[in-house]
Amino acid sequence: MRTMLVSLAVAVLVALALVVFVARRDRARSPSDEDSAAVRRAGADQHRHDAQRQAASGIAERHRNPPST
């Protein structure tokens with residue numbers, strides 16, 4: 001019974017130490033780095049979407065109006 005309580009106490013201490021470690025690590029992380037990366041990804045996604053839409057529009061236009069010969 002006593003070893004079970006000691007094991008439980010050790011498990012609680014390890015879990016608490018892990019929570020404290022993760023909280024301190026997250027607080028030390030610079031949010032501006034993550035935000036700027038997200039902005040760059042969003043911009044790249046928008047450009048890719050615009051290019052795909054423009055290409056699809058051109059293909060559809062060529063099918064509606066075939067080149068005259």
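Here Val22 sits in one hydrophobic cluster together with Leu18, Phe21; the rule is ILVMFWY side chains under 4.5 Å apart, joined directly or through other members. With a 4.5 Å cut-off between side-chain heavy atoms of Ile, Leu, Val, Met, Phe, Trp and Tyr, the cluster of Met4 takes in none. Other residues sharing the hydrophobic cluster of Val6, ordered by chain and number and joined by side-chain separations under 4.5 Å: Val10, Val14.
By the 6.0 Å contact criterion, CZ on Arg25 is enclosed, its count of non-hydrogen atoms from other residues, nucleotides or ligands being greater than 12.
The line from OG1 of Thr3 to CG of Leu8 is 11.5 Å long, rounded to the nearest 0.5 Å.
With sequence neighbours left out, the salt bridge (Lys or Arg N to Asp or Glu O under 4.0 Å) criterion links Arg53 to Asp50. Residues passing the salt bridge (Lys or Arg N to Asp or Glu O under 4.0 Å) test with Arg48 are Asp45, sequence neighbours excluded.
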